[in-house]
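Some notes on the structure that comes next.
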Amino acid sequence: MDPLKLLFGAKRQVTEAQQQFTFSRRAFFLGGTQIGIGALLATRMTWLAVAENEKYSLLAESNRVNLQIMPPRRGWIVDRKGHPIALNRTAFRVDLIPDRLVDRDGVINELAQIMRLTPVDVERVRADLKKAAGFQPVPVAENVDGETFAAVSLRTPEMPGVAPSEFFTRYYPEGASVGHLIGYVGAASAKDYEDRRDPLLITPGFKIGKAGLEKTQEATLRGAPGAKRTEVTARGKLVRDLATRPDVPGKTVRLTIDAGLQAYTGRRLGLESGSAVVIDCETGGILTLSSMPCFDPNSFSDGIGRTEWKMLQEDDHIPMLNKAMQGLYPPGSTVKPAAALALLQHGVDPEEIVFCNGGYRLGSRTFRCLGHHGPMNMRHALMKSCNTYFYSMGRRIGYDRIAPVARLLGLGKEFELPMPSQRYGTVPDSAWKKRKFDQEWSQSDTLNATIGQGYVQVSPLQLAVLAARVASGKMLEPYLIHGQQKPARPLPFTPEQLQVVRDGMDLVVNGAGTAVRSRLPIDGVRMAGKTGTAQVRGIKGAQRGQSGAWKYRDHGLFVFFTPVDRPKYAGAVVIEHGMGGARAAAPVAKSMMTYMFDPAKAMEELTALESGWGGDVNTRMARKSAAWKTANDPKAAAEAAQGSVEDAEVKKTTEGDAARTSETPVNRDAAATPEPETASGPLSPAPQTPPATGAPQ
């Protein structure tokens, strides 16, 4: 055998049968593979066409059709007569749709030129676009003026991705007068969306209640959203409107508030730091719940600026605090009607005489009175606000017998009202002091608490409830939503006992009492009341909170009801650091009650007052805001200075023209009417230790 064949092996012989078998096996494998792939494709196509038909139909439809959520119109908030307090008005906005933008930078630059956007606005839009995707609109500006909106709308075909639209914005006709009561609306926060995952919350233009009734009545006011379907091209250009489902507006919320009185009270309080509450003596419905100064809820609805927010936060009058429900004050002598009822309930004869020689001696200390009143019975002690009488009688029965009556009349209570929060204060007694301080109740505690000082803390709302219950003789429960009146049972006092207290309060205003200057200027209508002056802190010496640093001056309080013979309205006024109830609070109550019986006369009085104050509350707030910005914002100061120069030039030109064309010369020497000095201040903290002596009334 050839050695090479042995080394490399002999050539293998392949038969025809073997070749045929190999070809058939390969053909079978390739054919099977092709059939498998075909079956797989057919199965997948069947799955996509049948099982996934709805999904991909929706995807295809979404490429062709744009679905836009339409925010619902909020329900109105109206007063007891149907007059709007919060309503909606049409406004314009401009948004960008990210998926429709072709030339992002070019569109933004063109919008900045047309809409006069600031560099800050431009940067904000760019940042929002980076975080946005799809058809989710990115807001460029809200409340665009009509001329700018028209200019943008005309250029829309040349700027794919720009979406101008109309929407409804919240509007409060009375502005700051209803701020604390109604609250305000604002865009939903990230936390709101995370909690609910409702796409409506991130829809441009949609806002939710953030405070006051807007917040607590959100479920009623919101309504249901609508939707708008439009056909678009691949580049996002509008082809046609397909269908629109209208929104369902929210329901109207009707209040017990009297819108006219609420607005009048806000203007009458003006920039004072104070509050006023008026209650219907027949039903318990709250007619006004005013706290001033206040923010303008329209500013929050439109989006408040950083500078304005800082001004509100730094204002020592605390405009963000609802003083009517959250302010706590020593009530001073406004609690003496409650003390008088407690005395009557425990057998004190209203005709019994206590001689007032200017104070009451307790051990080595003298608790002062307002004056030397001489012989005092209960009615005259209320009329003159004689501390000595109540010191003596309060010590006789003990404050543990007075405190339950004070609570019965509404002090220290939290009422079921649709408001975010309220503070209920303190009506102390011996058990409370033992629990709070682990100390025994003292006789000096009794004397102080009996005249509304010491540990006693109440809110203006509670004082208004006290006045309403004394006036009506019923356990009235205050309420705000129309139709939610609660039945009221009679108070556990005899008609004779109630009449003694009402007579004393009548004498306060219509006799020789502490508020005689606040008699109503209306024939046949008398107002009864009780003044109160509450110390902010214990002050030694003759001044005793009637002068000195403004924030240490006494608070002025007044509770009232009218008419005396058949009470219809009752309420309370508190003026922080007003230095006296007769001086600061009672005149406000007089004006409010005059408005309820003779609106024209009340408005005439208010107009005269505002002319001396330097304009209505909105004018004064605007002036105060401008002054603050000038003092705290360098840019605003520069703009104001430039504006002053321009105004001076315009004025000079105008006066020159007037001098040339008018027979009457321009009076350049007319003096401006100065603003009167007002006594107002911030909410002061409760004293850590009770004052040792009573406050003047």
Side-chain angles (χ1 to χ4, degrees), residues 73-89 170-185 209 211-218 220-221 223 249-269 275-292 294-298 301 322 324-325 415-420 460-461 464-465 468 476-486 562 568-573 588-589 591-600 602-603 606 616-618:
R73 288 161 288 176
R74 288 183 73 81
W76 285 21
I77 300 177
V78 301
D79 79 340
R80 59 178 183 158
K81 299 176 183 177
H83 298 149
I85 299 177
L87 46 86
N88 306 310
R89 62 179 181 180
R170 204 60 160 166
Y171 178 61
Y172 308 92
E174 300 303 335
S177 295
V178 299
H180 290 302
L181 171 67
I182 302 300
Y184 57 90
V185 297
L213 290 169
E214 290 279 24
K215 180 178 181 179
T216 62
Q217 302 301 300
E218 175 68 22
T220 303
L221 294 169
K251 297 180 180 178
T252 297
V253 173
R254 185 179 176 189
L255 307 180
T256 60
I257 293 292
D258 186 299
L261 179 62
Q262 180 76 23
Y264 181 89
T265 303
R267 290 176 60 182
R268 182 61 178 81
L269 288 171
S275 57
V277 181
V278 177
I279 295 176
D280 188 325
C281 288
E282 297 176 359
T283 66
I286 298 176
L287 300 179
T288 186
L289 189 74
S290 183
S291 174
M292 296 296 286
C294 184
F295 57 88
D296 185 350
N298 291 304
S301 178
N322 182 357
M325 300 183 67
F415 303 106
E416 294 182 10
L417 294 173
M419 298 294 284
L461 172 62
V465 172
L476 290 174
E477 289 291 332
Y479 69 102
L480 268 172
I481 306 298
H482 189 272
Q484 294 185 359
Q485 178 182 352
K486 298 178 181 178
T562 188
K568 189 174 182 181
Y569 309 115
V573 178
V588 176
S591 297
M592 291 192 300
M593 292 300 96
T594 301
Y595 177 86
M596 295 305 290
F597 291 96
D598 192 340
M603 291 303 299
L606 179 60
D616 62 20
V617 66
N618 292 325

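No experiment lies behind these values; they were computed from the predicted model shown.
In this structure, Thr256 has no side-chain hydrogen bond (donor to acceptor under 3.5 Å, both in side chains) partners at least two apart in sequence or on a different chain. For Asp258, the salt bridge (Lys or Arg N to Asp or Glu O under 4.0 Å) criterion is met by Arg80, Lys81, not counting sequence neighbours. Not a single salt bridge (Lys or Arg N to Asp or Glu O under 4.0 Å) links Lys568 to another residue, sequence neighbours left out. Applying the side-chain hydrogen bond (donor to acceptor under 3.5 Å, both in side chains) rule to Gln262 yields the partners Thr288; only residues at least two apart in sequence or on another chain are considered. In terms of the salt bridge (Lys or Arg N to Asp or Glu O under 4.0 Å) criterion, Arg254 has no residue partners (sequence neighbours excluded). In this view, Glu218 and Arg74, Arg222 satisfy the salt bridge (Lys or Arg N to Asp or Glu O under 4.0 Å) rule, not counting sequence neighbours.
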Q: Could you please spell out the steps behind the side-chain contact (heavy atoms from CB on, under 4.5 Å) verdict for Arg267 and Met603?
A: CA-CA 10 Å; Arg267 290 176 60 182; Met603 291 303 299; 3.5 Å; yes
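Side-chain contact, Asp296 with Asn298: a donor N or O sits under 3.5 Å from an acceptor N or O.
Between atom CG of residue Leu269 and atom OG of residue Ser275 there is a gap of 7.5 Å, rounded to the nearest 0.5 Å. The CD atom of Glu214 lies 11.0 Å from the OH atom of Tyr184; values are rounded to the nearest 0.5 Å. Distance check: Ile85 CD1 to Glu174 CD gives 8.5 Å after rounding to the nearest 0.5 Å. To the nearest 0.5 Å, atoms CG (Leu480) and CG (Leu255) are separated by 6.5 Å.
Between Tyr595 and Tyr264, the two ring planes are parallel [angle under 30°; tilted spans 30° to 60°].
Residues Ser290 and Leu181 fail the side-chain proximity criterion, which asks for heavy atoms closer than 4.5 Å. Using a 4.5 Å cut-off on side-chain heavy atoms (C-beta onward), Thr252 and Ile77 make no contact.
In this structure, Val78 and Pro84 approach most closely via the heavy-atom pair CG1-CA, 4.0 Å. Closest of all the heavy-atom pairs between Met592 and Leu261 is O-CD1, 3.9 Å. Summarising the geometry of Ile279 relative to Ala468, their closest heavy-atom pair is CG2-CB, 4.1 Å, with the distance given to 0.1 Å.
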